[in-house]
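Both counts, for ligands and for their atoms, begin at 1 and track the order of listing.
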Amino acid sequence: MSDKVRVGVIGVGGHGENHLKSYTACPDTELTAICDLDEELLAKQAAQYSVGQTFRDFREMLAEAPVDAVSIVLPDHLHRTAAEAAFAAGKHVLLEKPMATTVEDAEAIYRAWKQAGTKLMINWSNRWMPSFAGTKAALDAGELGEPLYIYARLSNTLFVPTKLLSWAANTKLPFWLICHRLDIVRWYAGCEATRVTAVCRSRVLKGMGIDTPDFYQATVEFESGLVANLESCWVLPESLPSVVDSKFQLICTKGYVNVDPVQPSYVKASSGDQGPQLTMGTPLLGEVMGQPWGFVYHALCHFVECVRDDTEPLITGEDGLAVTKILCAIETAAETGQAVEL
Ligand SMILES: NC(=O)c1ccc[n+]([C@@H]2O[C@H](COP(=O)([O-])OP(=O)(O)OC[C@H]3O[C@@H](n4cnc5c(N)ncnc54)[C@H](O)[C@@H]3O)[C@@H](O)[C@H]2O)c1
């Protein structure tokens, strides 16, 4: 390997661009190649981020480009093929959340990863939010006692399924939103889920021709006795001040934490602003003194460090597979109205 970790990005759309911005600034990182089906977008991103090699086919990129590691930032339902190809080519992989949208796909990715013996990190980057990371540190220090109950809400306005994503009907809220909070819950629980009950309803989006449920509510029980109540909705009015609505309450045997990651600590509005602002207490990817700053940037730097130093990422394929099993149980429980035992 050269002195720097050479990284390629597969999928340079909405979130892929955050990967490009981050890798351009992460220490010891060289962004060498990008891949996307959309030729116009590919050319635009290559020029903007000074990337030397562009590909429309990720197999070609994996065979020809000088990359040690790749980010896979494809739509939720397309993660498996690219991940399997990347592992077959011996690359380290930063796989965007969710790991996959079926247990079968997640198991296939897991097997390919084990066979390759390279690094796999699933990008549940919310672990790098100071509020969630601080709560984990307080739990580990014994300040709060044992987790008893969690209420976690993470929702979007209609903007996301109707305007941001062209492929909303190919995913569901457990995979797009609930997975972020479920990863945090399981991280805090320190043990596995045992039982899931859930409900969902399809009305507003289905009526608009996007066949995916409007909301999910799930109750997940863990081995320790912890109960988590998770809910996500995709049909909040677009007139809300933020595209994201989030609430997280953790009740422990000796303490309580209330995290509201959406309430901005800093509000800026100008006459040139158009549409709703994605305000976050901690920016997904902001800028400080001309350098990227935010939980996505820090998560990606962590991945590069793990490749450079040959250490294990904080979130591996084990976590990805375990979370996928719970997400699919939520989907099944909501569809059948029956509890799912894990
Ligand atoms: N960690 C986070 O906070 C976070 C935030 C947003 C999105 N995501 C995840 O990132 C992934 C991408 O989401 P997005 O919002 O960027 O979607 P997007 O639709 O904006 O971008 C996806 C890109 O993939 C390209 N693409 C599709 N099929 C391809 C193929 N076979 N080969 C090459 N390129 C292909 C598309 O042309 C598009 O540019 C999703 O899995 C999503 O859940 C994660």
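- Of the listed options Gly11, Gly16, Pro75, Pro75 places a heavy atom closest to atom 22 (C) of ligand 1.
- Both the backbone and the side chain of Lys97 come within 4.0 Å of ligand 1, counting heavy atoms alone.
- Scored by the salt bridge (Lys or Arg N to Asp or Glu O under 4.0 Å) test, Glu312 finds Lys119 as partners (sequence neighbours excluded).
- Contact check for Phe87 versus Ile109: side-chain heavy atoms found under the 4.5 Å cut-off.
- Under the 4.0 Å criterion applied to side-chain N and carboxylate O atoms, Lys163 and Glu238 are assigned as salt-bridge partners.
- Close contacts between ligand 1 and Ser125 involve ligand atoms 1 (N), 3 (O) [criterion: under 4.0 Å to a heavy atom].
- Between His302 and His298, a ring centre-to-centre spacing not shorter than 6.0 Å is recorded.
- Distances from atom 43 (O) of ligand 1 to the heavy atoms of Ile10, Thr101, Asp76 put Asp76 nearest.
- Within the set Asp36, Asp38, Val160, the minimum heavy-atom distance to atom 36 (C) of ligand 1 is found for Asp36.
- The residue from Ala168, Gly13, Pro98 that puts a heavy atom closest to atom 21 (O) of ligand 1 is Gly13.
- The existence of a salt bridge linking Arg195 and Glu341 is confirmed by a sub-4.0 Å separation between a basic side-chain nitrogen and an acidic carboxylate oxygen.
- Taking only non-hydrogen atoms, the option from Ile122, Ile34, Leu42, Leu74 nearest to atom 24 (O) of ligand 1 is Leu74.
- Ligand 1 lies nowhere less than 4.0 angstrom from a heavy atom belonging to Ser166.
- By the 4.0 Å N-to-carboxylate-O rule, Asp214 lies too far from Arg203 to be salt-bridged with it.
- Ligand 1 has a nitrogen or oxygen under 3.5 angstrom from a nitrogen or oxygen of Leu37.
- Side chains of Asn229 and Arg153: no donor on one and acceptor on the other come within 3.5 Å.
- The shortest N or O to N or O distance between Phe58 and ligand 1 is not under 3.5 Å.
- Under a 4.0 Å criterion applied to the non-hydrogen atoms of Leu78, ligand 1 contributes the atoms 28 (N).
- Proximity of Glu96 to ligand 1, defined as any heavy-atom pair under 4.0 Å, is confined to the side chain (atoms from C-beta onward).
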N/O donor-acceptor pairs under 3.5 Å from side chains in residues 248-255, not counting sequence neighbours:
from   : atom 1 : to     : atom 2 : distance (Å)
Gln249 : NE2    : Tyr256 : OH     : 3.0
Thr253 : OG1    : Glu146 : N      : 2.7

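- Close contacts between ligand 1 and Trp167 involve ligand atoms 13 (O), 17 (O), 18 (P), 19 (O), 40 (C) [criterion: under 4.0 Å to a heavy atom].
- Within ligand 1, the atoms closer than 4.0 Å to a non-hydrogen atom of Leu41 are 39 (O), numbered from 1 in the order shown.
- The aromatic rings of Trp167 and Trp176 stand perpendicular to each other, their planes meeting at an angle above 60°, with 30° marking the opposite boundary.
- Near His79, with a cut-off below 4.0 Å to any heavy atom, the atoms of ligand 1 are 41 (O).
- One finds a salt bridge joining Arg80 and Glu84 here, because a Lys/Arg side-chain nitrogen approaches an Asp/Glu carboxylate oxygen to under 4.0 Å.
- Proximity of Trp176 to ligand 1, defined as any heavy-atom pair under 4.0 Å, is confined to the side chain (atoms from C-beta onward).
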